[in-house]
Amino acid sequence: MNNPSLIRKLPNNAAGKDYVVGDLHGCFDLLEQLLAHVCFDTNADRLFSVGDLIDRGPDSLRCLRLLTEPWFYAVQGNHELMMLDFLTPYLSTGKLKNLEDISETGFLEYGGDWIAAYFQPEHECMSDEFNNGLAMILELPRFLVVGTGNARFHVVHAELVKSDYRHSGQTVWLDSDIDRWVDGEDIDINTLERFFWGRKLMRSEGYPAVQQGLSTTFCGHTVANIPRQVLSHLCIDTGAFLTLNNHYAKAGEYGLTLFDVQEASWLRASYGSSNVIMGTAISMPC
Ligand SMILES: [Mn+2]
């Protein structure tokens, strides 16, 4: 599968700071709180998202509108992918008779039921503001390469695991492999699938924190109560949506994580608490 839109390459940020935010899942207000806390400068700083902007939380469409901001960059997550799959007939015909008939994808059951508020049955379509968000999802890359040299980092939703890792002795792809993808080499379909769905690294034990030859690769998708580092993957999904409901998590135990790339430190905000929690620094691979 050779598609230049799968990967996007961006330069170093000479003007300001770079931040990466974990799986938003509609929790826009938590992001606002964190950006205010770090005095985010929209004229100089950049914010990267590991995907899963939508579903489960209170305002998915507001999160999608971030994609109109020149300082915001995201990759597609599996929730965006599920929504595109769910709306495939609508995307091809522009007509949608009802939401129930095409629900076999499971999208509505996994938190996608928010889209019903933007369905206009009298016109057999979705609202204009929803369609604008949908158009932006279609444009999202699946992988970001940011900066060069020691400042280089990557953004992917889930993980960068090789499809032949069981036989090759090498578990993850390296910068040199990614550079070939940037130059147009095909990414195999199993690797692409793992970009969205893989949980091998975050559910395995015994791997070192750093993989020689792979720059820091920010990801989300697998929830834990703190960011963790496996083979140069830095997973920052700390379950923002879980804190919406005290049945699932006590205030402060989970939340939305904002990672400061240059400082290698993180902040977390949650619905159950008005405090922003600051995490200890993480050592980054060179
Ligand atoms: Mn996910």
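Along the sequence shown, residues are numbered consecutively beginning with 1. Any value given below was found using the heavy atoms of this structure, including those in side chains, with hydrogens, waters and symmetry copies removed. Indexing begins at 1, ligand by ligand and atom by atom, following the structure's order.
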Quiz item: Do you see an N/O/S atom of H221, backbone or side chain, under 2.8 Å from the Mn ion (ligand 1)?
Solution: yes
Quiz prompt | R180/D177 salt bridge by N-O under 4.0 Å criterion | solution = yes
Quiz item: Quick check: does T222 have an N/O/S atom under 2.8 Å of the Mn ion (ligand 1)?
Solution: no
Quiz item: N/O/S of D52 less than 2.8 Å from the Mn ion (ligand 1)?
Solution: yes
Self-check item: Carboxylate-amine/guanidinium contact R152 D179, below 4.0 Å
Solution: yes
Exercise. Verify whether one side chain among N131 and Y118 offers a donor that lies under 3.5 Å from an acceptor in the other.
Key: no
Exercise. Identify whether the distance between the nearest side-chain nitrogen and carboxylate oxygen of K17 and D45 falls below 4.0 Å.
Key: no
